[in-house]
Amino acid sequence: MRIAIILGTRPEIIKMSPVIRECERCGLDFYILHTGQHYSFEMDRVFFEELKLPAPKYNLDVGSGMHGEQTGKMLSGIERILLEDTPDVVLVQGDTNTVLAGALAASKLHIKVGHIEAGLRSFDRTMPEETNRIVADHISDYLFAPTQNSKKYLLAEGIPEERIFVTGNTVVDAVYQNLEISKQIRKTLERFGLEERGYFLTTVHRAENTDKKERLAGILAGFEQIYAEFSLPILFPAHPRTVKMIREFGLQVPEGTQVIDPVGYLDFLQLEGSAKLILTDSGGLQEEACILGVPCVTLRDNTERPETVEVGANVVCGEKSVILCVKQMMQVGKGWKNPYGDGDAAEIMLKELIGN
Ligand code: UD1
Ligand code: UDP
């Protein structure tokens, strides 16, 4: 069986890394097709280097753009490659435009599609990711759902049960595989002048948070309040989209918040694991905080990761005041159970694909 792994953004590289390693371990015939949706060194190459992943065989270099333009370029580029270098199955992960294009191109060519992280739903169609998830799920042949909850959503949408496999999330594999390596080779906290549990960590990049001035200003004002209340620094490795919008809107980063460039995964895992609390709108961070036992406040109106809220690891801020959410989550104990599996999701998926 020949497998094409299609990816294009930071979270896809990280969450596909256990699948890539498992393909290598099993000696499978596979190649990586990178769409180039992310291309800055710290959003792309750093992960291939740090995680020692094989270089993509193809890179479409599509770069940034409007949704239609970006997705359209990917679609035609992926189709061309799949026609020349035809796999038996295409694997995509998550909910980005890369996933939509990869699944659609393969499906139209009657190539089997495996969707990793299937069945997540925010039930908010204003998010571009929700459309991507729904379309990818409905044209996939193998739906690798991380939890029973995501399987339930898929069944409710009429997807046949025999296509759905509950596997856990490869993010657990990625955390377990890389955290120890990271601690052995990096003294991250020292480098940033931070102390264990002596800082907050934040990331913000969702369109709904970055693209409206009032919304982004409101988030920064929340950070100001947190610093005034707790006198702990807030480290903010900022997505390029967010940096661009802070500049465009002429916003000031408040005292106590330190904006830095995005960091590689090995540093970032340590920053997450030692934080007092994480504030984020990232999907991956909600999961990783939960896995690492660090409380999380989600800076959004909803989440497609309700499992993290149900186990008590996360609260969705919505209209509530961020400071109240932070105070609430600083009270919680850390004994919750990680709902995303045991770190063998990639192995389970590949067994399903190639037969046990
Ligand atoms: C994309 C995904 C989002 C995912 C996120 C992960 C879609 C619709 N969105 O959002 O679901 O959570 O990736 O990080 O697929 N930029 C750079 N360098 C890069 C990449 C982006 O400077 O390497 C800047 C550009 O100004 C670009 C902007 O970031 O216009 C947004 O990039 P884009 O890939 O369109 O969306 P993300 O916000 O990264
Ligand atoms: N991440 C990283 N460095 C950073 C910020 C995030 O390595 O500076 C990792 C993080 O650990 C997680 C992933 O990037 O695995 C999340 O990506 P992002 O928030 O961009 O996307 P989302 O998960 O929301 O789709």
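Numbering starts at 1 and runs along the sequence shown.
In this view, Tyr265 and Glu288 satisfy the side-chain hydrogen bond (donor to acceptor under 3.5 Å, both in side chains) rule, not counting sequence neighbours.
A salt bridge links Arg215 to Asp301: at least one charged side-chain nitrogen sits closer than 4.0 Å to a carboxylate oxygen. Under a 4.0 Å N-O distance rule, the pair Asp124/Arg300 does not qualify as a salt bridge. We find that Arg133 and Glu304 are joined by a salt bridge, their nearest charged nitrogen and carboxylate oxygen being less than 4.0 Å apart. In summary, Arg186 and Glu50 engage in a salt bridge, as defined by a charged side-chain N under 4.0 Å from a carboxylate O. Salt bridge status for Lys327 with Glu229: present, with a side-chain N to carboxylate O gap under 4.0 Å. A salt bridge links Glu287 with Lys15: at least one charged nitrogen is closer than 4.0 Å to a carboxylate oxygen.
By the 30° and 60° cut-offs, the orientation of the rings of Tyr58 relative to Tyr31 is perpendicular.
Of all the heavy atoms in Pro237 and Leu201, the pair that sits closest is CD-CD1, 3.8 Å. Heavy-atom minimum distance, Thr303 versus Val316: CG2-CG2, 3.6 Å. Across Phe249 and Thr210, no two heavy atoms sit closer than the pair CE1-O, 3.3 Å.
Residues Tyr227 and Phe200 place their aromatic rings such that the two centres sit no closer than 6.0 Å.
Side-chain contact check for Ser64 and Gln70: no donor-acceptor pair (N or O, by modelled atom type) lies under 3.5 Å. A donor atom on one side chain and an acceptor atom on the other are found under 3.5 Å apart for Glu12 and Thr96. Using modelled atom types and a 3.5 Å distance limit, the side chains of Thr280 and Thr203 yield a donor-acceptor pair. A donor atom on one side chain and an acceptor atom on the other are found under 3.5 Å apart for Ser122 and Glu130.
In the displayed structure, Lys57 atom NZ is contacted under 6.0 Å by more than 12 heavy atoms of other residues, nucleotides or ligands.
By the 4.5 Å heavy-atom criterion applied to side chains, Cys296 and Met329 are not counted as neighbours. Side chains of Phe223 and Glu255 form no contact here, defined as non-hydrogen atoms less than 4.5 Å apart.
Between the His115 side chain and the Gly94 main chain, a donor and an acceptor come within less than 3.5 Å of each other.
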ring-ring contact (aromatic ring centres under 6.0 Å, His included) assessment of Phe268 paired with Phe47: CA-CA 11 Å; Phe268 199 72; Phe47 302 106; 9.3 Å; no

